[in-house]
Colleague: 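Below is the structure I would like to discuss, written out as structure tokens.
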Amino acid sequence: EAGVAQSPRYKIIEKRQSVAFWCNPISGHATLYWYQQILGQGPKLLIQFQNNGVVDDSQLPKDRFSAERLKGVDSTLKIQPAKLEDSAVYLCASSERLSRGLQETQYFGPGTRLLVL
Amino acid sequence: GIQVEQSPPDLILQEGANSTLRCNFSDSVNNLQWFHQNPWGQLINLFYIPSGTKQNGRLSATTVATERYSLLYISSSQTTDSGVYFCAVKARTGANNLFFGTGTRLTVIP
């Protein structure tokens with residue numbers, strides 16, 4: 001079974017530029033998550049989708065971050081414009097569905113490491 | 001939101017030694033997962049364990065939900081066990097998402 005795929009793996013941009021990340025979850029997984037992991041910290045949830053609907057985006061800085069999951073499969077996360085403090089690893093995860101039990105086990109992709117100069 | 005504290009923050013072991021990592025949380029949970037983040041950044045799910053005890057090879061985990069803590073045991077450690085171990089929990093009430101602790105960085109030396 002293929003895991004969660006993400007691209008690009010690395011990205012270096014200057015502040016005020018735009019950047020987009022792509023995620024393809026495990027086939028059949030209804031729930032998709034985007035996390036931000038700053039160096040030395042645990043991942044922090046930015047947004048979670050159930051199919052193509054947003055379940056929770058309370059921690060997404062909506063003035064500069066946006067995400068979509070068209071057709072309930074792939075997802076993109078965009079930052080526009082980027083700030084220095086956005087330098088982090090952006091992790092995508094998926095789970096079978098948002099519910100109690102084993103189906104909520106989350107599987108993570110390799111992440112995209114972003115450096116904003 | 002729920003608070004998640006992990007201890008110790010750093011741990012250095014000789015290969016073959018055993019260790020116990022602890023996760024304390026501030027509220028009742030219905031989801032608790034242990035993850036290993038390897039030196040290349042990949043997060044691997046080790047256990048889904050909101051209560052009880054599970055074992056997988058050299059690793060085992062116990063969650064005592066009523067006392068709001070979980071333990072991860074690593075026996076006969078190997079250099080490949082190095083990395084950061086995260087505990088993540090979802091509160092029974094409130095926000096319906098996982099909150100991660102700050103992790104325990106484990107270094108196993110040969």
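All chains are named by letter (A, B, ...) in the order of the sequence lines, taking the proteins before the strands, and each is independently numbered beginning at 1. Here the structure is a predicted model, which means the values were calculated and not measured.
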Colleague: If you draw a 6.0 Å radius around CG in A:Leu84, do more than 12 non-hydrogen atoms from other residues or ligands fall strictly inside?
Modeller: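 Enclosed.
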Colleague: Test of understanding: clusters of I, L, V, M, F, W, Y form through side-chain heavy atoms closer than 4.5 Å, transitively. Do B:Tyr48 and B:Val89 belong to the same one?
Modeller: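 Shared cluster, no.
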Colleague: Does B:Arg105 have more than 12 heavy atoms from other residues, nucleotides or ligands lying within 6.0 Å of its CZ?
Modeller: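 No, the 6.0 Å shell around CZ holds no more than 12 heavy atoms from other groups.
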Colleague: Look at A:Pro43, A:Gly40, A:Gly42 and state which one has the largest set of heavy-atom pairs under 4.5 Å with chain B.
Modeller: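 Ranked by heavy-atom pairs under 4.5 Å with chain B, first place is A:Pro43.
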Colleague: Report the option among A:Ala93, A:Ser58, A:Gly109 that has the most heavy-atom pairs separated by less than 4.5 Å from atoms of chain B.
Modeller: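 Max contact count across the listed options: A:Gly109.
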Colleague: Check whether any side-chain N or O of B:Gln42 sits under 3.5 Å from a backbone N or O of A:Phe108 as a donor-acceptor pair, and report yes or no.
Modeller: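 Indeed, once roles are kept as given, a pair shorter than 3.5 Å links the two residues.
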Colleague: Applying a strict under-4.5 Å side-chain criterion to I, L, V, M, F, W and Y, I'd like to know whether B:Phe25 and B:Phe99 cluster together.
Modeller: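 In one cluster with B:Phe25: B:Phe99, yes.
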Colleague: Heavy-atom count check: over 12 atoms from other residues, nucleotides or ligands less than 6.0 Å from B:Ile12 CD1?
Modeller: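 12 or below, so no.
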Colleague: Nearest heavy-atom pair of B:Phe35 and A:Gln106: which atoms, and what distance?
Modeller: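 So the two residues come closest at CE2-O, 3.7 Å.
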Colleague: Given a strict heavy-atom distance threshold of 4.5 Å, which part of B:Gln37 is in contact with chain A: side chain, backbone, both, or neither?
Modeller: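 Answer is side chain: those atoms of B:Gln37 sit under 4.5 Å from chain A.
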Colleague: Could you give the distance from CZ (B:Phe100) to CG (A:Leu45), rounded to the nearest 0.5 Å?
Modeller: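 Atom-to-atom, B:Phe100:CZ and A:Leu45:CG are 9.0 Å apart.
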Colleague: Is there a chain of hydrophobic side chains (I, L, V, M, F, W, Y, each step under 4.5 Å between heavy atoms) that links A:Val89 to A:Leu77?
Modeller: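 Each belongs to a different hydrophobic cluster.
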Colleague: Step by step, would you call B:Leu98 with A:Tyr35 a side chain to side chain contact (heavy atoms under 4.5 Å, CB included)?
Modeller: CA-CA 10 Å; B:Leu98 281 179; A:Tyr35 288 86; 3.9 Å; yes
Colleague: Name the member of B:Val84, B:Asn45, B:Thr102, B:Val4 that forms the most heavy-atom pairs with chain A at distances under 4.5 Å.
Modeller: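 Result: the option with the highest number of such pairs is B:Asn45.
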Colleague: Which heavy atom of B:Asn97 sits nearest a heavy atom of A:Gln48, and at what distance?
Modeller: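 Of all heavy-atom pairs spanning B:Asn97 and A:Gln48, the closest is CB-OE1, 3.8 Å.
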Colleague: Linking I/L/V/M/F/W/Y whenever their side-chain heavy atoms sit closer than 4.5 Å, directly or via other members, would A:Tyr33 and B:Leu46 fall into one cluster?
Modeller: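 Result: no, two separate clusters.
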Colleague: Could you report the tightest heavy-atom contact between A:Gln37 and B:Phe86, atom names first, then the distance?
Modeller: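 Heavy atoms only, the tightest pair is NE2-CZ, 3.5 Å.
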